[in-house]
Amino acid sequence: MSEYFSNIKTGASTIATGMAITLKHFFNAVKRKGDAGIDDADYFKQVDGLCTLQYPREAVPTPAIGRYRLHMDAEDCIGCSQCERACPVECITIETIKVTADDLAACGKTSGGQQKRFWLPVFDIDVAKCMTCGICVSVCPTDCLVHTPVADFSEFDVSNMLYHFGNLTKIEADAKRRKLEEEKAAKEKAAAEAAARGEAPARPAPKPKPAPGPQPDGGKAGE
Amino acid sequence: MPAAVQQSKAAYDIIRERFGEAVSECDANPTMPFFEVADTSKWADIALFMRDDSRLKFNYMACLSGVDYMEQGQLGIVCNLESIGGPTHKIAVKVKCARDGGSIPSVSCVWHTANWHEREAYDMYGMTFEGHPDHRRILCPEDWTGFPLRKDYQVQETYHGIKVPY
Amino acid sequence: MQELGKADLNSTRIIPQGDNRVVIEKDLDTEYMVLSMGPQHPSTHGVLRLECITDGEVVVEAEPYLGYLHRCFEKYCEKVDYPGIVPYTDRMDYLAGINNEMAFCITVEKLLDIEIPRRVEFIRVITAELNRIASHLVAIGTYGIDLGAFTPFLFCFRDREHILNLLEWISGARMLYNYVWIGGLSYDVPADFKKRVDEFVTYFKPKVVELYQLLTTNEIFVKRTKGIGIMPADVAINYGWSGPMLRGSGVDWDLRRNDPYSVYPELDFKVALPDPKFCEIGDSLARHLVRAIEIDESLKIIEQCLDKMPEVDGFDPRAAIPKKIRPKAGEVYGRAENPRGELGFYIQSDGKSTKPLRCKARSSCFVNLSAMKDLSKGQLIPDLVAIIGSIDIVLGEVDR
Amino acid sequence: MGLLDARISNRNVLVTSVDNVMNWARLSSLWPMGFGLACCAIEMMATNASNYDLERFGIFPRSSPRQSDLMIVAGTVTMKMAEKVVTLYEQMPEPRYVLSMGSCSNCGGPYWNHGYHVLKGVDRVIPVDVYVPGCPPRPEALIGGLLKIQELVRMEGIGVSRQEALKKLAEKSVDPQQVIGQARKATA
């Protein structure tokens with residue numbers, strides 16, 4: 001019998017303790033919690049009070065290194081394709097066209113002063129696939145690929161999430177490609193003519209050692 | 001030789017003494033000392049001995065992983081064993097079988113851990129475990145074709161009318 | 001529940017067997033009923049399906065069906081290079097991302113045989129313990145929901161949000177961090193981090209007490225969990241249990257102490273064991289208590305790490321990361337103590353490729369859950385929920 | 001009926017005010033199905049919990065598909081789960097909405113190329129209204145997605161189908177590329 005009553009007593013008292021805690025918080029919840037971010041010195045001074053964020057009207061600031069929407073700055077991209085290779089998800093697709101010598105000035109330099117050597121007809125990021133791991137950003141040599149702290153960008157159509165960052169239109173890309181081919185053909189023709197004249201191929205030193213190597217190679221390409 | 005590897009070697013010596021040629025030489029590498037069971041049919045006996053012998057007391061199976069040795073044409077399992085509350089040694093055991101239609105004795109009655117892990121190994125690689133109490137697929141659906149973790153696995157085109165590849 | 005035996009029905013007798021298990025004796029035979037629970041069920045913590053064969057209210061056998069979240073982790077390990085696997089390990093036990101990354105990274109580092117800077121080790125331990133607290137808070141909060149207590153859930157998630165903010169501040173992501181890299185970290189911690197973590201510990205300590213009063217001592221909660229799902233120690237070891245589950249059964253086993261890694265040997269903490277005064281050893285309440293104690297222990301570890309962490313000017317956490325991660329040929333089994341138990345990785349490398357030949361994840365939840373059939377025998381259906389909650393499964397890790 | 005149809009499509013005062021009331025009622029009590037699959041489910045729980053509190057929008061998770069009008073597919077849908085998702089979707093009463101949360105349910109996400117057992121996008125089995133990107137999406141992003149659903153509900157009405165509402169919304173929407181371009185110019 002005493003066990004029965006003691007059970008009731010513990011039950012009532014433990015529930016009353018819980019209720020007291022809830023009540024304390026109820027009276028505590030008269031003021032709003034501030035919206036300082038974690039990098040603010042007084043973040044933990046403002047934790048008491050109503051903790052709910054009224055999101056569309058207020059939000060906690062995301063940190064500067066926050067990894068959400070992927071963004072590429074085509075001005076700074078040198079087309080090295082390292083991000084494409086590093087991405088575990090393979091959500092980046094890059095196509096490059098080599099810049100012809102006379103176009104180097106038109107292609108321009110990165111903000112770091114590095115000469116760009118590739119046109120970028122295609123630089124597609126499928127942010128629907130992206131898992132925001134940040135590996136692509138860590139390998140980018142020019143810091144042109146960044147995760148922005150923008151998180152809220154939902155869509156009605158999933159195909160809108162394929163972002164195109166290339167800096168050429170399709171027609172421009174075709175023109176550049178043709179130009180490169182023409183230049184290449186001209187070079188090869190010159191090389192073939194030089195070879196036919198029996199001179200050493202006017203090629204700078206990438207394959208110096210195998211002497212018979214370049215000749216059949218050049219000949220074939222010439223045909 | 002680090003102390004941990006020496007302990008494993010000592011434990012191996014006890015097993016070798018009991019089973020002789022049924023177990024292969026011990027590979028005392030520093031990252032994961034292991035030995036191989038040469039006579040696959042003895043595996044269940046070895047397992048029981050390893051668990052119950054008072055000097056060994058391998059009462060805890062940490063992991064059982066299936067492996068595909070494609071070049072040798074074999075499938076295998078790797079078991080990481082150790083003792084909780086007993087000696088502080090640990091050792092890994094490898095058991096192999098033929099790639100097509102091979103089978104390995106089940107040790108799920110020795111360590112309950114092995115029950116689901118063997119089912120998983122069957123699900124992923126397709127070797128059978130003799131004497132397993134519940135020999136079914138565990139992660140993939142029952143009517144899935146192929147064994148996904150085999151090196152030559154080709155994914156099926158459709159599953160119940162749903163396209164599988166991207 | 002013992003009172004059930006007294007209810008003398010005409011043809012059916014429910015006889016208590018101790019451990020809150022019951023046996024039904026009948027004069028007339030009844031048919032078993034199959035009750036399918038899940039994969040969409042609020043108390044299965046994800047997409048677990050249990051096929052319960054029931055005799056009235058009593059579970060005769062509950063067979064778990066897995067694979068509803070099988071995401072081919074091991075296939076990905078063979079297709080993606082080592083640094084690329086790290087974000088996938090996050091997605092296994094998604095409540096404790098940093099712990100998973102750490103387990104994977106120390107395994108690969110063991111194979112690579114490289115030295116890690118001391119500061120990196122301390123940051124890893126601090127973040128891992130913070131994440132352990134966050135994970136236990138979810139475990140406790142959702143356990144409360146399962147048993148009908150909604151308020152602790154709100155309290156837990158409010159405090160968890162602070163941890164997520166801290167971790168987002170240093171890593172850039174809220175839940176799946178990709179913070180611990182093989183041989184280092186992705187970023188050094190900000191200058192104020194130590195101070196802020198210290199503030200968090202001071203803030204959080206009274207909240208733990210509050211949570212304890214709110215849930216753990218609550219009589220309704222105790223009545224629902226005490227003596228439910230008892231697992232004896234030797235059976236638990238045979239089932240391969242680890243972590244809070246094994247400690248709940250009274251086995252003094254913690255990988256942080258028994259197979260030490262990182263800087264844990266230098267730290268002073270005690271292995272959480274349940275107190276037989278409050279619970280029966282091995283029951284659901286014991287497992288819950290272990291988690292509650294572990295939160296305290298983690299706070300202690302964090303405090304010590306903050307004191308001992310060396311300050312290095314211009315520290316580059318990526319300095320020790322090898323340019324190309326290509327381990328020598330060999331095999332390794334590495335593991336770490338996760339919030340849910342032992343997370344191990346078996347990695348086989350052929351020495352030529354930058355991808356593992358085979359990488360198997362030994363997941364703690366998968367092993368812990370395999371005892372479900374045994375645990376649920378002879379329990380009542382409402383107690384089944386208490387048992388699943390106390391196992392604290394994360395389906396991402398069960399199915400991988 | 002023909003007359004009535006014509007009247008309805010003409011959008012007279014009566015119809016529009018009924019529309020407004022109905023849409024207001026529907027969009028301020030969107031009950032999603034508490035249907036967690038993977039990582040995103042934890043963020044969904046965090047959104048439901050104290051810090052973001054979805055009940056501000058009248059959104060409260062229901063455990064049964066029969067009581068819910070919104071399905072939040074939060075996480076990876078696998079082949080084994082796909083049929084169950086379809087069953088759950090079919091059990092929901094009309095009008096029903098589907099919000100695909102996170103990369104995995106949008107298009108397979110991180111598991112799109114080698115994931116033999118992962119359904120590459122939940123829109124292969126059920127129609128999806130709003131896609132929320134992120135892996136996992138922040139609670140803010142989920143709330144943003146839910147606001148988009150509310151926007152869609154507001155556009156619908158008697159005699160206005162979902163497709164027409166979507167078309168109208170598409171006309172109103174802005175191209176993300178332009179927004180990005182403007183942002184880029186502003187920073188430059």
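Letters A, B, ... mirror the listed sequences (proteins, then strands); counts begin at 1.
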Quick one, Tyr116(D) and Pro165(B) - any side-chain contact, counting heavy atoms below 4.5 Å?
no

Can Trp144(B) and Met79(D) be said to form a side-chain contact (heavy atoms from CB on, under 4.5 Å), step by step?
CA-CA 10 Å; Trp144(B) 194 259; Met79(D) 288 298 162; 3.9 Å; yes

Proximity breakdown for Val155(B) and chain D, heavy-atom pairs closer than 4.5 Å:
side chain

Taking all non-hydrogen atoms of both residues into account, name the closest pair between His117(D) and Pro141(B) and its distance.
NE2-CD, 3.3 Å

Determine whether more than 12 heavy atoms belonging to other residues, nucleotides or ligands lie under 6.0 Å from atom NZ of Lys167(D).
no

Please round to the nearest 0.5 Å and tell me the distance separating atom OH of Tyr159(B) and atom CD of Glu83(D).
5.5 Å

In this structure, are over 12 heavy atoms from other groups packed under 6.0 Å from Asp100(B) atom CG?
no

CD/Glu142(B): more than 12 non-hydrogen atoms of other groups inside 6.0 Å:
yes

To check you understand the geometry: which heavy-atom pair defines the closest contact between Lys163(B) and Arg124(D), and what is its length?
O-NH1, 3.1 Å

